[in-house]
Enquirer: 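Pasting a structure below so you can have a look.
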Amino acid sequence: MRKRLLSLMAGAGAAGLAAAVSLGVAGATGATAAPGAGSGAPGAALAACTPTQVVANGDFENGTAPWTASSGVITSGGGQTGHGGNGFAWLDGYGSTHTDTLSQSLAIPAGCSTATLTFWLHIDTAETTASTAYDKLTAKLGGSTLATYSNLDAATGYVQRTFDVSSFLGQNVSLAFTGTEDSGLQTSFVIDDVSLTTSGDGTPPTTPPTTPPTTPPTTPPADSTRTPASPAYTVSLSSDASGVTWTGHESVTFTNASATPLNEVYLRLWDNYHGSCPTTPITVSNVTGGTAGALSVGCTALPVTLPAPLAQGQSGTVGFDLRIAVPSGADRFGHDGAFSFVGNALPVLAVRDAAGWHLDPYTNNGESFYSLAADFHVTLDHPTGLLVPATGTSVDTPGTSGRTVTTATATKVRDFAWGAGAFSKVSGTSATGVKVNVYAVSGISSTSAQSMLSTSIAAIDAHAGRFGAYPYGEVDAVLDNNFWFGGMEYPGFVLDLVDKTALTHELGHQWWYGIVGDDEYNSPWLDEAFTDYSTDLALGKTGTNCWSSVSWASSAEKITNSMAYWDAHSSRYSTVVYGYGKCALHDLRRLIGDSAMTSLMRSYAQAHWYGVSTTAEFKAAAQAATSTDLTSFWSTHRIDG
């Protein structure tokens, strides 16, 4: 989840974050100096870097120089439009055998640790094939081919393409694009806003970061500690005319993975926080497969005693009737006028682990959610005039007169969320084949929706390239600028403002919380700090000067504190968990090196794919990735566990 304040801070860059944090703790008592360039923090002795953007006229607004291009490539009309201003580079599009070229000589300075090339690419085509690349665009830097695109990559609007080109630091090279078109139907490759930026203190790497295997696991790691395991939810709900009230049935089948018998299970009715217990928006009745007890923890926990204890490996099923009444409000569970957002509304199984049952209270400041990877099969019967974006892959079929049945299937996800309303919708497909849908409430322009579609596609591919392929096939982003909380993540489904940084963050949660789970109440940094670090990487930020002018509010304040602490110190939650947390990860990268950090994050994600991460496990993995003793690093950065 991204708070609105943090979204604005992140958008201002690292220096803005430091300034905001400094103002936030002015006059705090018991303040202790945070790691920084002058405090002996890791990386303090590395060489200074002057960030540089080396591509000239990358927006094509100032004629053709210093580009070398085929006739007519750099233009401002003819049926195409620029990503930003008026100018752009248009290669091919003739519908006949043709080759266009575009190049610029670059001097990439030394002295920094990171170099990132980005450009915006729009491809449209008259080709009808879904399998043959007739027309191609190749992007090269020096003698290396960065990528090849074709008519198969055609999509609505521009898509940002990003490449780590740190291995070219200190070199003079040519950036070159070559478009080749066959004798048949046209394909246009339109390029705009090209940049190559250097950043990051330290010695540039001599080789590109190593990349572990790209195929993630298909099953959760073996875990005999956390139970009930392998939940499979079957849900059938029907809405009223507005999509605000939903009624029907839910059942869940599960297995006891633990050697300790399972006598009961707990259902978490998280959204009962939004009511006045015992008058609640989530109503469970007619429970089968066990005996329901009394609601507890503010009516958010419902115990169900099983007919007989389940031994290890044995399975059970609990079913119940369900009613969901969505309250008014632009919330993660609420309706903003005619648009409903139904997050955390389906009851899900609580987790029992070595610490016992996790029955933590709901927090509105962050997240309380801790669940195991599960399968969902959900049918949502609703008026045809309502679009219903949802977790998983959806198929719409006709229902009774004037109604549609949306059937959503999701495997190995931790929760299920949906929306309902007369949203506008734009769609596209990422370079890695992920279908991306952007739904917008009324009042959000088509330009904004299209921009957020491009952001979503770029973010999904950037995160997948670093941590492992997105496994769910489809993702929905639902936009409403009235969201007080900024953004919220669910598997394959996010709520967000029209904000590039915030949306890139929420989509990063598909990996950190979604694929790699954690106990969000007791270890919020494992999803929020990791996601904010991932967001920085996706947006080309290296966390330079992260710790400037930062102070801890007290000796008790730690990056790894639980939501119980942050609910009591809510003004510091975003600053420390998001800001200090991601800065600590940037410091770890600078300490162990870009290549080792790249390998660590990817291998760690894949080792915990569909599983659960803990701070202790991450610390152990980080230590195994370097010969440097990290004991003082964890202490200095206040990472306990």
Enquirer: To the nearest 0.5 Å, how far apart are CG in Leu600 and CZ in Arg589?
Expert: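 Taking CG in Leu600 and CZ in Arg589, the distance rounds to 12.5 Å.
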Enquirer: Atom CH2 in Trp634, atom CD in Gln623: separation rounded to 0.5 Å?
Expert: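 One gets 8.0 Å once the value is rounded to the nearest 0.5 Å.
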Enquirer: Strictly by modelled atom types, are Glu557 and His569 linked by a side-chain donor-acceptor pair under 3.5 Å?
Expert: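 No pair is found: no donor N or O on one side chain lies under 3.5 Å from an acceptor on the other.
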Enquirer: Taking 4.0 angstrom as the limit, do Arg414 and Glu520 come out as a salt bridge?
Expert: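 No.
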Enquirer: For the atom pair CG (Asn344) and CZ (Phe333), what is the distance rounded to the nearest 0.5 Å?
Expert: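 Here the rounded value is 9.5 Å.
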Enquirer: Is it the case that the side chains of Ser445 and Thr447 hold a donor-acceptor pair, with the cut-off being a distance below 3.5 Å and no angle test?
Expert: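 Their side chains do not contain a donor-acceptor pair, so the 3.5 Å distance test is not met.
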Enquirer: Is the backbone N or O of Asp594 less than 3.5 Å from a side-chain atom of Thr598, with the two atoms forming a donor-acceptor pair by type?
Expert: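 Checking the backbone N and O of Asp594 against the side chain of Thr598, a donor-acceptor pair under 3.5 Å is found.
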Enquirer: Distance alone, cut at 3.5 Å: any donor-acceptor contact between the side chains of Asp461 and Ser430?
Expert: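 Distance-only check passes for Asp461 and Ser430.
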Enquirer: Decide yes or no on side chain to side chain donor-acceptor pair (under 3.5 Å) for Trp511 and Ser534, but give the supporting numbers first.
Expert: CA-CA 10 Å; Trp511 282 261; Ser534 304; over 6 Å; no
Enquirer: Quick check: does any side chain N or O of His463 sit under 3.5 Å from a backbone N or O of His509, one acting as donor and the other as acceptor?
Expert: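 Judged by distance alone, no pair lies under 3.5 Å.
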Enquirer: Would His505 and Glu528 count as having a side-chain donor-acceptor pair, cut-off 3.5 Å?
Expert: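 Yes, Glu528 and His505 have a side-chain donor paired with an acceptor closer than 3.5 Å.
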Enquirer: Answer with yes or no whether the side chains of Asp567 and Thr363 bring together a donor and an acceptor at under 3.5 Å.
Expert: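 Indeed, the side chains of Thr363 and Asp567 share at least one donor-acceptor pair under 3.5 Å.
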Enquirer: Closer than 3.5 angstrom, by distance alone: can the side chain of Trp484 be matched with the main-chain N or O of Asp331 as a donor-acceptor pair?
Expert: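 Answer holds: no.
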Enquirer: Under 3.5 Å, is there a donor on one side chain and an acceptor on the other for Thr391 and Tyr472?
Expert: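 No pair is found: no donor N or O on one side chain lies under 3.5 Å from an acceptor on the other.
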